[in-house]
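Just so we're on the same page: letters track the sequence lines, and every chain starts at 1.
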Amino acid sequence: MPRVRFAPSPTGYLHIGSARTYVFNWLYARKHKGTVILRIDDTDVDRNTEESLASIYDGLRWLELGWDEEYRQSERTELHRRMAQVLLEKGLAYRDFTPADPTKDSDAERSGPWLFNPEMRNLSPEESARRAAAGEPFVLRFRVPRNGHVLRFHDRVYGFQERATGEIEDFALVRSNGQPTYHMASCADDIDLRITHIIRGQDHLANTFKHLLIFEGLGVQPPEFAHLPLLIAPDGSKLSKRRHGAVVSVTTYRDAGFLPHAFVNFLCLLGWSPKDNREYMTLTELIEAFNLEGIKRANAVVNFTDKDPLDPKAVWLNSQHLRAMPIEELARRVRPLMERAGLPVPGDEAHFYRLLDVLRTRYQTLNDFVTRGIAYFSDDYPIEPAALEKLNAPGARELLHELADRLETDAEFSEQSVENILRGLAAERGVKAGLIINAARAALTGQTVGPSAFTVFVMLGKDRVLRRLRRV
RNA sequence: GGCGCUAUCGUCUAGUGGUUAGGACAUGGCCCUCUCAAGGCCAAGGCACGGGUUCGAAUCCCGUUAGCGCUACCA
């Protein structure tokens, strides 16, 4: 049974690229009856924030794709240090007492790659131990083989990869403050948690060789790897929380009234395809269709603009899910939004369902029900300027009042009976039925767009209709 | 700078030597129609560039360009 992990670091909110990585991990695990592990990679204590952690949970929970096990890396540092110690004792790692120098980080004037500091790498074990015992700070580095050793692995997405160890620098395993680095902590945990498949962003493709070294050094068979292409901004730059702000946060989609699994559907289509032209897919269909081989290697653009933070395809998919989902579930999701918006939820459930069902074909998000749909639930709705124009058409108000009088005696009050009465009135007065129809819609909903006017009559019910027609 | 990954309509993608390069979103039009949607139909729009290999290349190879990733105690 596969064991996969999603390992976000709490240094910002959950952005959609991370969310997609989670989705792919989840899908893979569910498809193969495996286990999903959430591991918070919070080894960088200086950059982690509680706020970020909360927003990651927020986003993840919203997706409605549950995980099975959960760990916090910061609570496992003993394990990481122990494994680092094993590497040191095996002679596969060494202490580097060179003081940290932030200026070395700049890529200016770089002629070639830095690989290691020979003096430190060649320090005798005795001297190394002596200096460490004396309290001199050091960073623990992996002693990367300098012979012709070549590392190889097969990536499930990017295929066969190889690299000579001679090109890899002696990377850090434990910082001078005693904190294990990402590479050390990640591999130690992957081993300890018996991770079988590492599905992660392509930004780790090059790092994988380092991880191979650690796995090998610890005498462990490395897991399988599948690296995912990155999600990028329309200008080709990488998605960054700093540059692109909230548009890349999953909460943007949540707050816009997206259905979690519609959003998941959208995320899947960024870099993966079922290859049979399907786009709209339920979660069940996604699980069934998902495979690592369907992932492509090129980065994908998330199509947002300053004006519209939502990718149009995501919106379309959401509207598809909105139309196709069971009406009971739709009601369950709309209800809390209505309550929050102060709109009364119809007591008659069947009636509520009917309303939602009529409205859903022209709405795109959950939010539409409580914004564009106000008039269907409450008497307190705004009259849009365009609607006012319809009402101001010559004779419109008088006709609506007359219509109200005639409807009052209509016991049946069905779409058909209402239509007969309305058309009868139009014919009598020698006006086009459309005039009354459009004016009626404007009066009843405050809008010029919406469902068939006759449907609106019946949905609102006789009392409301008469009241609204007469008060214009 | 070094190493690596990638490159099909505006966007997401199918395509692994022979296709009129297919689908979806978005865009424009038509149908339907009491409006708006939905739905149906149609249109426009693409193989980054240059060399090879081959009877034949979006597909294989090389180069260029561009983007991205990694590159001395971020993850």
Side-chain angles (χ1 to χ4, degrees), chain A residues 7-9 11 41-44 46-47 96 98-105 107-117 137-141 155 158 161 163-164 167-177 179-183 185-186 200-210 227 229-230 232 234-238 266 269-280 296-304 311-317 319 323 359-364 372 386 390 419 422-423 432-442 447-454:
Chain A
S9 58
T11 55
D41 276 12
D42 51 355
T43 54
D44 186 0
D46 297 334
R47 292 172 63 217
D96 182 345
T98 312
D101 184 354
T103 62
K104 294 269 180 62
D105 203 24
D107 52 8
E109 302 299 317
R110 189 180 287 177
S111 47
W114 173 90
L115 293 174
F116 58 93
N117 296 325
F138 62 88
V139 53
L140 191 73
R141 293 186 183 284
D155 189 272
Y158 286 89
Q161 307 286 319
R163 186 161 190 184
E167 300 169 1
I168 301 170
E169 80 282 2
D170 285 358
F171 55 95
L173 297 171
V174 182
R175 301 185 182 90
S176 52
N177 66 5
Q179 288 297 322
T181 62
Y182 162 76
H183 299 304
S186 177
R200 79 224 306 189
Q202 185 241 51
D203 46 343
H204 283 303
L205 191 60
N207 285 332
T208 303
F209 295 104
K210 296 172 189 168
H227 286 88
L230 268 19
I232 56 177
D235 66 358
S237 67
K238 75 166 184 174
F266 167 67
L269 265 17
L270 256 20
W272 174 80
S273 157
K275 300 190 187 295
D276 57 9
N277 282 344
R278 274 187 298 172
E279 307 253 318
Y280 164 81
K296 64 174 249 164
R297 297 196 262 255
N299 294 344
V301 171
V302 182
N303 205 2
F304 61 81
D311 189 309
K313 194 159 202 165
V315 174
W316 175 77
L317 277 169
S319 69
R323 284 163 186 73
L359 294 175
R360 82 211 285 201
T361 60
R362 53 212 95 212
Y363 289 173
Q364 295 176 316
R372 298 167 59 190
K390 297 282 183 196
E419 178 163 4
L422 187 147
R423 289 193 189 278
K432 286 167 77 172
L435 173 75
I436 307 180
I437 289 173
N438 291 328
R441 183 183 294 103
Q447 297 166 350
T448 56
V449 301
S452 156
F454 304 118

Between [X] and [N], does any side-chain N or O lie under 4.0 Å from OP1 or OP2?
{"X": "Lys313(A)", "N": "rA24(B)", "result": "no"}
{"X": "Trp316(A)", "N": "rC25(B)", "result": "yes"}
{"X": "Lys390(A)", "N": "rU35(B)", "result": "no"}
{"X": "Arg141(A)", "N": "rC73(B)", "result": "yes"}

What is the pairing partner of [N], taking Watson-Crick or G-U wobble pairs with both distances under 3.5 Å in any strand?
{"N": "rC49(B)", "answer": "rG63(B)"}
{"N": "rC68(B)", "answer": "rG4(B)"}
{"N": "rA26(B)", "answer": "none"}
{"N": "rG18(B)", "answer": "rC55(B)"}
{"N": "rG39(B)", "answer": "rC31(B)"}

Need one value for [X]: base, sugar-phosphate or nothing, where a base atom within 4.0 Å counts as base even if backbone is also close, heavy atoms only.
{"X": "Arg297(A)", "answer": "sugar-phosphate"}
{"X": "Glu279(A)", "answer": "base"}
{"X": "Arg163(A)", "answer": "sugar-phosphate"}
{"X": "Gly236(A)", "answer": "sugar-phosphate"}
{"X": "Asp170(A)", "answer": "nothing"}
{"X": "Phe454(A)", "answer": "base"}
{"X": "Arg323(A)", "answer": "sugar-phosphate"}
{"X": "His183(A)", "answer": "base"}
{"X": "Gly271(A)", "answer": "sugar-phosphate"}

>> Is it the case that the side chain of Asp41(A) and the backbone of Tyr182(A) share a donor-acceptor pair, with hydrogens and angles ignored and the cut-off at 3.5 Å?
In response: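 Checking the backbone N and O of Tyr182(A) against the side chain of Asp41(A), no donor-acceptor pair under 3.5 Å is found.
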> Looking at rG2(B), rC73(B), rA37(B), which one has an atom nearest to any side-chain atom of Val139(A)?
Replying inline: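 Looking only at side-chain atoms, Val139(A) lies closest to rC73(B).
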>> Using a strict threshold of under 4.0 Å (side-chain N to carboxylate O), is an ion pair present between Arg278(A) and Asp276(A)?
In response: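 Arg278(A) and Asp276(A): salt-bridged.
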>> Evaluate Asp170(A) against Asp96(A) for side chain to side chain contact (heavy atoms under 4.5 Å, CB included), listing each step before the verdict.
In response: CA-CA 10 Å; Asp170(A) 285 358; Asp96(A) 182 345; over 6 Å; no
> Have Thr208(A) and Arg200(A) got a donor and an acceptor in their side chains that come within less than 3.5 Å?
Replying inline: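 Arg200(A) and Thr208(A) do have a side-chain donor-acceptor pair below 3.5 Å.
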>> Base of rC73(B), side chain of Ser176(A) - is there a donor-acceptor contact under 3.5 Å?
In response: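 By the distance-only test, yes, there is a pair.
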> For the base of rG67(B), is there a side-chain donor-acceptor partner from Asn299(A) under 3.5 Å away?
Replying inline: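 A donor-acceptor contact between them is absent.
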